[in-house]
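Structure first, commentary second.
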Number of protein chains: 2
Amino acid sequence: MSARPHSQRHGPADGARWAEHARASLERAGFRRGGARRAVIEVLAAEPCALSALDIDERLSADRRRVGRASVYRALEQLTELELVHRLDLGSETARYERVEPGGEHHHHMVCDDCGKVLPFEDAGIERAVTKVTGGAGFEVRDHEIVLHGACESCR
Amino acid sequence: MSARPHSQRHGPADGARWAEHARASLERAGFRRGGARRAVIEVLAAEPCALSALDIDERLSADRRRVGRASVYRALEQLTELELVHRLDLGSETARYERVEPGGEHHHHMVCDDCGKVLPFEDAGIERAVTKVTGGAGFEVRDHEIVLHGACESCR
DNA sequence: ATGACTGCAAAGCCTTTGCACGCAA
DNA sequence: TTGCGTGCAAAGGCTTTGCAGTCAT
């Protein structure tokens, strides 16, 4: 069984759809429209995988959008709370964030321990195995995170 | 399939065996004997699962062992480097550490998102599925980390 | 007009680094 | 005696909080 790159199954339209979904959810939750939050949503919509808060801040600066770093963190916290974004800890010292697809499909991550690169992958076998663990040991599983460590193609 | 608590398969002797193994590895690697490092090893030997640097520092204080926090971090770094200890990121803001069993057996973690409790579990099905992913996408998998999020028995 | 949203700056926390002393070899 | 190991204190880096001005409603 081989892992298939996530990008082969999801087109650029997913990002726009997610952004729309996110804005609607925020409005439904009683949030007002705000430039900073909207800007963060746009950055996350454009990148389907694992951005750090600093990454987001940098992309906003590159786009000439003056957004305070605190606002980035606040937006990420709110989006995470509404489960529109997933917060990940991939072993590096800084947290990373990525959008949650409305459809429920999701991916996991391979982290190159040499260069730090993060690659998404999906694998039906693992998903199946994880599902079977649900409910064991009196613990109610609601979510899971899988990280493969190793060396990427160019580093090994 | 149900997850089996890790403790049912490993007795208290494992810790002592690991400590011995760790000391020998350090000596072989050219390290001198030092009180702080030895103290950290003893704490890790007594607890098979997921301690933060602060946890370790607290246990040392409780044992009247005056060890600087910097020394704890330095010891953990060295032990991690020699692969005697695994550094984990379980979603909380702080890193956690646990000993690596010489035999190769290992466990993963369930994290209660309500109370923060960390529970170890092992599951052959997941291990098998992860093994099959190895080598996919040009990435060489050397290690993996699986975290189940949800609610523990007393919180759900 | 009201209070949510934001940017800036300051504060917090975990972790790392600098430095001089002490101890292993 | 040599220089690794350690403790203490200071510095770093990411993240959160306080606060006053701004903007959506």
Side-chain angles (χ1 to χ4, degrees), chain A residues 22-43 50-61 63-82 84-97 116 118, chain B residues 22-43 50-61 63-82 84-97 116 118:
Chain A
R23 282 188 286 263
S25 298
L26 285 164
E27 186 173 351
R28 206 178 315 126
F31 286 95
R32 293 182 179 179
R33 294 185 183 178
R37 195 156 44 216
R38 174 168 289 244
V40 170
I41 289 174
E42 284 172 21
V43 172
L51 289 169
S52 70
L54 235 54
D55 289 336
I56 294 170
D57 199 57
E58 281 170 15
R59 296 196 184 194
L60 289 172
S61 300
D63 278 352
R64 306 282 189 287
R65 311 188 68 150
R66 282 151 286 143
V67 172
R69 192 163 300 166
S71 297
V72 172
Y73 281 105
R74 278 187 284 239
L76 290 171
E77 183 188 352
Q78 294 158 346
L79 290 166
T80 301
E81 191 62 36
L82 291 176
L84 293 165
V85 158
H86 254 54
R87 180 197 162 112
L88 309 168
D89 283 270
L90 299 180
S92 60
E93 55 296 329
T94 71
R96 286 169 175 276
Y97 303 82
V118 174
Chain B
R23 281 188 287 261
S25 298
L26 284 164
E27 186 172 351
R28 206 179 314 125
F31 285 95
R32 293 183 180 179
R33 293 184 184 179
R37 195 156 45 215
R38 173 168 291 244
V40 170
I41 289 174
E42 285 172 20
V43 172
L51 289 169
S52 70
L54 234 55
D55 290 335
I56 294 171
D57 199 56
E58 280 170 15
R59 297 197 184 192
L60 289 171
S61 301
D63 278 353
R64 306 282 189 288
R65 310 190 69 150
R66 279 151 288 145
V67 172
R69 191 163 300 168
S71 296
V72 172
Y73 281 106
R74 278 187 284 240
L76 289 171
E77 183 187 353
Q78 293 157 346
L79 291 166
T80 301
E81 190 62 35
L82 292 175
L84 294 165
V85 159
H86 255 53
R87 180 197 162 113
L88 310 168
D89 283 270
L90 299 181
S92 60
E93 54 297 329
T94 71
R96 287 170 175 274
Y97 303 83
V118 175

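Worth knowing before you read on, the calculation uses all heavy atoms, side chains too, and leaves out hydrogens, waters and symmetry mates.
- Non-hydrogen atoms lying under 4.0 Å from DNA chain C are contributed by B/Tyr73, B/Arg74, all within residues 71-81 of chain B.
- In summary, contact between chain A and DNA chain D, defined as any nucleotide atom under 4.0 Å from a heavy atom of the protein, begins and ends at D/dC14 to D/dT25 in the 5' to 3' direction.
- To the nearest angstrom, C1' of C/dC14 lies 14 Å from CD1 of B/Ile56.
- The line from OG1 of B/Thr94 to CD of A/Glu93 is 14.0 Å long, rounded to the nearest 0.5 Å.
- In this structure, the separation between CZ on B/Arg37 and CZ on B/Phe31 is 5.5 Å, given to the nearest 0.5 Å.
- By the side-chain hydrogen bond (donor to acceptor under 3.5 Å, both in side chains) test, B/Asp57 pairs with B/Arg69, sequence neighbours left out.
- A 4.5 Å side-chain heavy-atom check between B/Ile41 and B/Leu26 finds at least one atom pair inside the cut-off.
- Atom-to-atom distance recorded for B/Gln78:CD and B/Leu82:CG is 8.0 Å, nearest 0.5 angstrom.
- Taking the charged nitrogens against the carboxylate oxygens, B/Arg96 and B/Asp89 have no contact shorter than 4.0 Å, which rules out a salt bridge.
- The pair B/Glu27-B/Arg32 does not count as a salt bridge, with every side-chain nitrogen at least 4.0 angstrom from each carboxylate oxygen.
- Atom-to-atom, CZ of A/Arg37 to C1' of C/dG7 comes out at 15 Å; the value is rounded to the nearest Å.
- By the side-chain hydrogen bond (donor to acceptor under 3.5 Å, both in side chains) test, B/Arg33 is found to be paired with no residue, residues two or more places apart in sequence or in another chain being considered.
- Side-chain atoms of A/Leu76 and A/Ile56, non-hydrogen and from C-beta on, do get closer than 4.5 Å to each other.
- Interatomic distance, CD of A/Glu58 versus OG of A/Ser52, reported as 7.0 Å (0.5 Å rounding).
- If you check residues 24-36 of chain B against DNA chain D, the residues with a heavy atom closer than 4.0 Å are B/Phe31, B/Arg32, B/Gly34, B/Gly35, B/Ala36, listed by number.
- For B/Ala95 and A/Arg38, each mapped to the nucleotide of DNA chain C holding its nearest heavy atom, the one lying further toward the 5' end belongs to A/Arg38.
- With salt bridges taken as basic N to acidic carboxylate O contacts below 4.0 Å, none links B/Arg87 and B/Glu77.
- Axis deviation across the helix from C/dA1-D/dT25 to C/dA25-D/dT1 amounts to 30°, comparing end segments of five pairs, rounded to 10 degrees.
- Heavy-atom minimum distance, A/Val67 versus A/Ala39: CG2-CB, 4.2 Å.
- The residue from B/Leu51, B/Val43, B/Val40, B/Thr80 that alone fulfils the side-chain contact (heavy atoms from CB on, under 4.5 Å) condition with B/Tyr97 is B/Thr80.
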